[in-house]
Amino acid sequence: MGSNKWGKLGTGSTTWDRRTPVQVASNVIAVAAGITHSLFVTNDGTLYGMGYNSYGELGNHNDIEQHAPVPVASDVIKVAAGSNFTIFLKNDGSLYTMGSNINGQLGDGALSGRDRSIPKPIAANVIAVAASLYGGLFVTNDGKLYGMGLNSNSRLGDTGNISESVPVLIASDLLSNTAPLIKAQPANITVNAGQEATLSISVIGNPMPEMQWQSSSNGSTWTNLSNGASYSGVTTSALRISKVTAAMNGTRYSCMATNALGNVRSATALLTVNAAPAPPVITTHPLSQSVIVGQDVIFIVAATSNPAPTYQWQSSSNGTTWTNIAGASAASLTLRSVTLGMNGMQYRCRASNSEGADISNAATLTVTPDAETLAAQQLKIQLESSGTASITLTGTTDLSLVGGATLASGKTITGAGATATIIGSLTIHATAGNLTILGVNIVNGGLNIVGARDVSVTHCTFTDAPITITGGADNISFFWNRFVATTAGSGSGMTISNAGASTGIILDNNFWGGGLRNNMPSASNARVLIRNNYFVPDGTGNITATIAGSGAQILSQNNIYQGVHNPLIKQSGGLIRSIDNFMTATTGTTAPGTDHVFVPDFSYLIRPSGLDIPGAAELVQLISAHAGNTAGKNSITPSQTNAASKIVATMIGAGATANATAANIPSTGNLTLTATASGFSPASYQWYLDNFAISEATAATYNITNASAAEHAGVYAVALATPASEIVTSAGFTVSVGTLSAPIITAHPSSQTASAGQSASFTVSAAGNMLVYQWIKDGQDIVGATAATYTIASTQQTHAGKYSARVSNSVGSVTSNTATLTVNTSNDANSNSGGGSSSGGGGGATSLPVFVLIAGLLVLRLWRERGRI
């Protein structure tokens, strides 16, 4: 504390004078202060100096002032300072000086004014030392007092006034015969293993006492020390331990001082030995653990090191790539409420310090599912396994516990009863197809169909479970389903985008409940047929029912819109054709529904027309009673006419050509279209062109005479009334007028890779009329593959090869580029049960005859509605 000019406080700078003490060193046993410099000795015998140094008074071989302590000498026990010079005494009794010598105060005999920055010994057997401003004094162990330096006014005590440059004797016999007296006791000391340690005392007595250092392990039994490998100075005032070992920790040291008048023991000094600096070594490794999902887990590690280590826990999913866990820096790691996703994770700990690091063994976490999660896992495996399988669900299975499921091809999923429920999300990708979901409740999740084909969803109830259909998905049908929301706006609506390019998305006899607000459905860049649906009154302020967004074509036919706001809405680029819809108590805007949209390429059934109240009431009653999962796979589908219709063309005139689905006639030519029916006798007929009714075309045949492209070209269909007041609409029949052009391929099929059991589809697009398609594998025509899309429901190794399509008409033909199908071998086992109940045997063949019957009826119905039988 005090003035800090020249840095004499040793704080590292020359500013900030100190009015309160500031620590600059520890373990100090002696101090001295000159006018402009300061010095101190630590218990290991090191002399440090700081401050002004122009005269070399710090003794560090230069004249640069030091603002922080610098080491000057070793084995020092005493120090004194005058004005710009220093005197210090070593453990062996030798006396050293350095600094200003203007008055000869260094005592080295040099000429006046010869300063020195290097300490130089000037006397031996010294026991005490002192300094004035310009002179020094010391006492030898024989009781003699010497002085050097400024001697004006005879201050050195001799008879002259001349300064002395060498020590001169001032007095003798200063020490009378006295018993030994300890003036400075040894202090406790703490060092690291491998370092040096010095214990020192200050003893007076006459004659000068002899000293003997001793050691003790308990403080009561003492043993004399001998100079050797570890100790030196055992009979001096300073005991040096050259290399402290860990075994010396706790040893006590004391010095016995003896002369002819007696002896005295010094105080006890305790030696504390810190472990030598060492890198960490893991002594306790974390152990692998197995717990049930939702429980907590604690991993523990221990390590030895000096200094103490810091810890960092890491995790890995493969044992190769490790990631630090944020905040996990203790000797234990606690994982709260573990999940199944953590199963198989590995954990380890890295212990490190300044000397190095060590990494523990890895511990593996095994998370065992509870019964509910185990059931979800088992169902997930069944749904995602390759190969065909029939899976029957009972009760509730929470797939959200395992992140939902991605269905593989060829799965028939049925509910055993009305309580069969899946919580969570189901996803069907483009590699899957030929899927049936029947009689299942889907809750708090949803159904995501991304590019898949041939998916049939029947008698399911979707509660707070939105549906998305995208990615080129096609031939997707929803029959007799119920869509509801428990909270207005949460929704179980349907969003369709980029889908249905070929057969389309078919929504038939579905119940759209209150609270959905919108998306019943909404579509963009898609083809959607909505028929026989019931949109119920919504008491929560719905926004819209059906939305045709950009690029969408929606054919809405014979639907009941009751108490609905904005039942049919078009957005930019969207198209809607509305036929025979019944609307009551609707609000907002309803699109006119007069746009030209696609004509379905399959025959389909319209239930009692919604044009009048009796027909609408009957349809509402049927849908309200039977839509949704009313009894699982035994949910009742109301009986209907087992019927289909199609159109046959008869050509009149040269150059006319026709096939099963199209005809071409020259301009001014004639053509007769004839409606045929199967399964019923038509009660009436109504012909349509591009979904628009043709006035007075109500006979079994429709004749085109003197044909013109502007008036007669397009897609024809015929609606036949059954005796039960149902309407059976035929598949579309395309008529072109004029000169026929050769086909041009506009989009070639793409190569695909599928695992065994997955579906694969190839599609070709072509411009032209009267087109006939033929798919080819490895140069050979595939029997029955005569559509624009060729689908393999369950690929096997035999399906691998090169595929192309030949598109032709009577004018010419063109063959597409080749696409390669690669089929990977799958070793996954087929599973035929789920949700706690199983049905069926190997290969997915069901063992329940009633289910076979239902599944067969569903397939027959699907084929019938596509016009295939």
Does Pro21 offer a backbone N or O that forms a donor-acceptor pair with the side chain of Gln23 under 3.5 Å? no
Thr36: side-chain hydrogen bond (donor to acceptor under 3.5 Å, both in side chains) partners, not counting sequence neighbours: Asn84
Side-chain heavy atoms of Asn192 within contact of Val273, under 4.5 Å: no
Examine Lys78 relative to Phe88 and say whether NZ or CZ is less than 6.0 Å from the centre of the six-membered ring and inside a 45° cone about the ring axis. no
Within the 4.5 Å heavy-atom criterion, are Arg240 and Trp213 side-chain neighbours or not? no
Taking the side chain as C-beta and beyond, is there a heavy-atom pair between Asn249 and Thr272 under 4.5 Å? yes
Using only atom types and a distance under 3.5 Å, with no angle test, would you say the side chain of Ser400 pairs donor to acceptor with the backbone of Gly424? no
Can you confirm whether the side chains of Ser237 and Asn91 place a donor and an acceptor under 3.5 Å from each other? yes
Would Asn60 and Asn53 count as having a side-chain donor-acceptor pair, cut-off 3.5 Å? yes
Aromatic rings Phe40 and Tyr48: how do their planes relate, parallel, tilted or perpendicular, breaks at 30° and 60°? parallel
Is it the case that atom CD in Glu210 sees more than 12 heavy atoms from other parts of the structure closer than 6.0 Å? no
When you check the side-chain N and O atoms of Arg116 and Thr97, is any donor under 3.5 Å from an acceptor? yes
Partner set under side-chain hydrogen bond (donor to acceptor under 3.5 Å, both in side chains) for Asn448, not counting sequence neighbours: Thr468
The reported gap from OG in Ser230 to NZ in Lys243 (rounded to nearest 0.5 angstrom) is 9.5 Å
Between the main-chain N or O of Val367 and the side-chain N or O of Asn343, is there a donor-acceptor pair closer than 3.5 Å? yes
Compile the donor-acceptor pairs under 3.5 Å between side chains in residues 128-137 and protein atoms, sequence neighbours left out, one pair per line.
from: Ser132; atom 1: OG; to: Gly135; atom 2: N; distance (Å): 3.1
from: Ser132; atom 1: OG; to: Gly135; atom 2: O; distance (Å): 3.2

Are any non-hydrogen side-chain atoms of Trp6 and Met50 less than 4.5 angstrom apart? no
Partners meeting salt bridge (Lys or Arg N to Asp or Glu O under 4.0 Å) with Asp358 (sequence neighbours left out): none
Result for side chain to side chain contact (heavy atoms under 4.5 Å, CB included) between Leu95 and one of Ile87, Asn125, Ile127 points to Ile87
Could you tell me whether the side chain of Ser352 reaches within less than 4.5 Å of the side chain of Tyr311, counting heavy atoms only? no
Ser266 and Ser254: side-chain donor and acceptor closer than 3.5 Å? yes
With a cut-off of 3.5 Å and sequence neighbours excluded, list every side-chain donor-acceptor pair involving residues 141-150.
from: Asp142; atom 1: OD1; to: Thr140; atom 2: OG1; distance (Å): 2.2
from: Asp142; atom 1: OD1; to: Lys144; atom 2: N; distance (Å): 3.3

Gly404 backbone acceptor or donor facing Lys380 side chain under 3.5 Å: yes
Just grab all the salt bridge (Lys or Arg N to Asp or Glu O under 4.0 Å) pairs involving residues 335-357, residues at least two apart or on different chains. Asp296-Arg336
Does Gln312 use its side chain to pair, donor to acceptor, with the backbone of Ile325 at less than 3.5 Å? yes
Is it the case that the side chain of Gln289 and the backbone of Thr366 share a donor-acceptor pair, with hydrogens and angles ignored and the cut-off at 3.5 Å? no
Between the side chains of Ser54 and Tyr52, does any donor sit under 3.5 Å from an acceptor? yes
Between Ser305 (side chain only) and Pro279 (backbone N and O only), is there a donor and an acceptor less than 3.5 Å apart? no
I'd like to know if the side chain of Thr283 reaches the main chain of Ala302, judged simply by a donor and an acceptor atom lying under 3.5 Å from each other, with no hydrogens or angles considered. yes
